[in-house]
Amino acid sequence: MANVAFLGLGVMGYPMAGHLAKGGHDVTVYNRTASKAADWVKEYGGKSAATPADAAKGQDIVFACVGADDDVRAICVGEDGAFGAMTADALFVDHTTASAEVAREMDAAARDKGLYFVDAPVSGGQAGAENGVLTVMCGGDEVAFDRAKPAMDCYGRAVTLMGPAGAGQLTKMVNQICIAGLVQALSEGLNFGMKAGLDTDKVIDVISKGAAQSWQMENRGRTMTRGEFEFGFAVDWMRKDLNICLAEANRNGARLPVTALVDQFYATVQARGGNRYDTSSLIHLLMND
Ligand SMILES: NC(=O)c1ccc[n+]([C@@H]2O[C@H](COP(=O)([O-])OP(=O)(O)OC[C@H]3O[C@@H](n4cnc5c(N)ncnc54)[C@H](OP(=O)(O)O)[C@@H]3O)[C@@H](O)[C@H]2O)c1
């Protein structure tokens, strides 16, 4: 069992930190909005700290799950950032979905201080975090990964080292690119079915047993046809992720024509006030136009 800190108790971080506590680790939490840290301590025990540095001091591993690139920079190397307080050889594991660039930058900053950095974005959403069944895609040093994996197993069911620093973020980009095109195709198919006067529940039942089957079809198909879009992973987050993918593709030369288009469809969902709708809301544009 390790002494650990968890920085960022949002939709994902709160239950992930909870699984670490339930797994027997000694957990200190930090959250920018302190009331959430107080709630967490009330629920799980452990301690809370006022800054990332205070939380990180003396820990074996510091975990984080915040918003985007600049938030990662702030909690690692900003004022009262964790790196300044960590002892040599300690690990920092970042579960934020961010760019590969910031992962490499934090990896270099960590090395300068004799620390290890692992980029470890997750997939599986709020339900995956609450049920402790996330997919965790890691980039970094093998020694660091091996040391962090037993703790990550508290909330992950597929925790895998993908390569050097940034490889976890790059793998998450592949994940988001695959989802974007798929959700648009599912939206078009289901909207077509409704316009054709079919019973779409029956359509989903039958075609989800064939080659068109997908997690999105089985878990979101029925709610999409009912115009229900309150399932966690918000359009605002998806646009952040797709923009990271598009920027990386600009660098590596991959072409992402459908992803770029779907990003613009999500921009339209935002413009119509759907920022907090979940990603299956693409069908909303087809149903209402
Ligand atoms: N939600 C999902 O289904 C899901 C799935 C996979 C991956 N992700 C990724 O996981 C990350 C977190 O998502 P989430 O849904 O948990 O977000 P969230 O509920 O908005 O929580 C974000 C957390 O980060 C903290 N934070 C943000 N910027 C900060 C800063 N500059 N300094 C200190 N703390 C900061 C927030 O503190 P406050 O409480 O003070 O605002 C909050 O605790 C994102 O990168 C997201 O893309 C989310």
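Whatever order the structure lists ligands and atoms in, that order sets their numbers, starting from 1. What you are looking at is a predicted structure, and each value in this text was computed from that prediction instead of being measured.
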Student: At less than 3.5 Å, what protein N or O atoms come close to the N or O atoms of ligand 1? Include the distances to 0.1 Å.
Tutor:
residue, atom, partner, partner atom, Å
ligand 1, 15 (O), Trp237, NE1, 3.3
ligand 1, 16 (O), Val11, N, 3.2
ligand 1, 16 (O), Met12, N, 2.9
ligand 1, 19 (O), Val11, N, 2.9
ligand 1, 28 (N), Arg32, NH1, 3.4
ligand 1, 28 (N), Asp71, OD1, 3.3
ligand 1, 31 (N), Asp71, OD1, 2.9
ligand 1, 39 (O), Asn31, ND2, 2.9
ligand 1, 39 (O), Lys36, NZ, 2.7
ligand 1, 40 (O), Arg32, NE, 3.1
ligand 1, 40 (O), Thr33, N, 3.0
ligand 1, 40 (O), Thr33, OG1, 2.5
ligand 1, 41 (O), Arg32, NH2, 2.9
ligand 1, 43 (O), Leu9, N, 3.1
ligand 1, 43 (O), Gly10, N, 3.3
ligand 1, 43 (O), Asn31, OD1, 2.6
ligand 1, 45 (O), Val66, O, 3.3
ligand 1, 45 (O), Gly67, O, 2.8
ligand 1, 45 (O), Thr97, N, 3.1
ligand 1, 45 (O), Lys240, NZ, 3.2
ligand 1, 47 (O), Lys240, NZ, 2.9

Student: Please determine whether the number of non-hydrogen atoms from other residues, nucleotides or ligands lying under 6.0 Å from atom NZ of Lys240 exceeds 12.
Tutor: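 Count over threshold, so yes.
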Student: Arg239: what forms a salt bridge (Lys or Arg N to Asp or Glu O under 4.0 Å) with it, not counting sequence neighbours?
Tutor: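 Here the qualifying residues are Asp263.
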Student: Is it true that Arg222 and Glu228 have a side-chain N and a carboxylate O under 4.0 angstrom from each other?
Tutor: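 Answer for the salt bridge query: no.
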Student: Counting N and O atoms only, with roles assigned by atom type, does the side chain of Gln169 sit under 3.5 Å from a partner on the main chain of Thr96, one being a donor and the other an acceptor?
Tutor: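 The answer is yes, because a donor-acceptor pair under 3.5 Å joins these two groups.
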Student: Can you run down the side-chain hydrogen bond (donor to acceptor under 3.5 Å, both in side chains) pairs that involve residues 158-167, sequence neighbours left out, and say none if there aren't any?
Tutor: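 Those involving residues 158-167 do not exist here.
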Student: Do any pairs count as a side-chain hydrogen bond (donor to acceptor under 3.5 Å, both in side chains) and have a residue in residues 127-146, sequence neighbours left out, and if so which ones?
Tutor: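 Listed by first then second residue: Gln126-Glu130.
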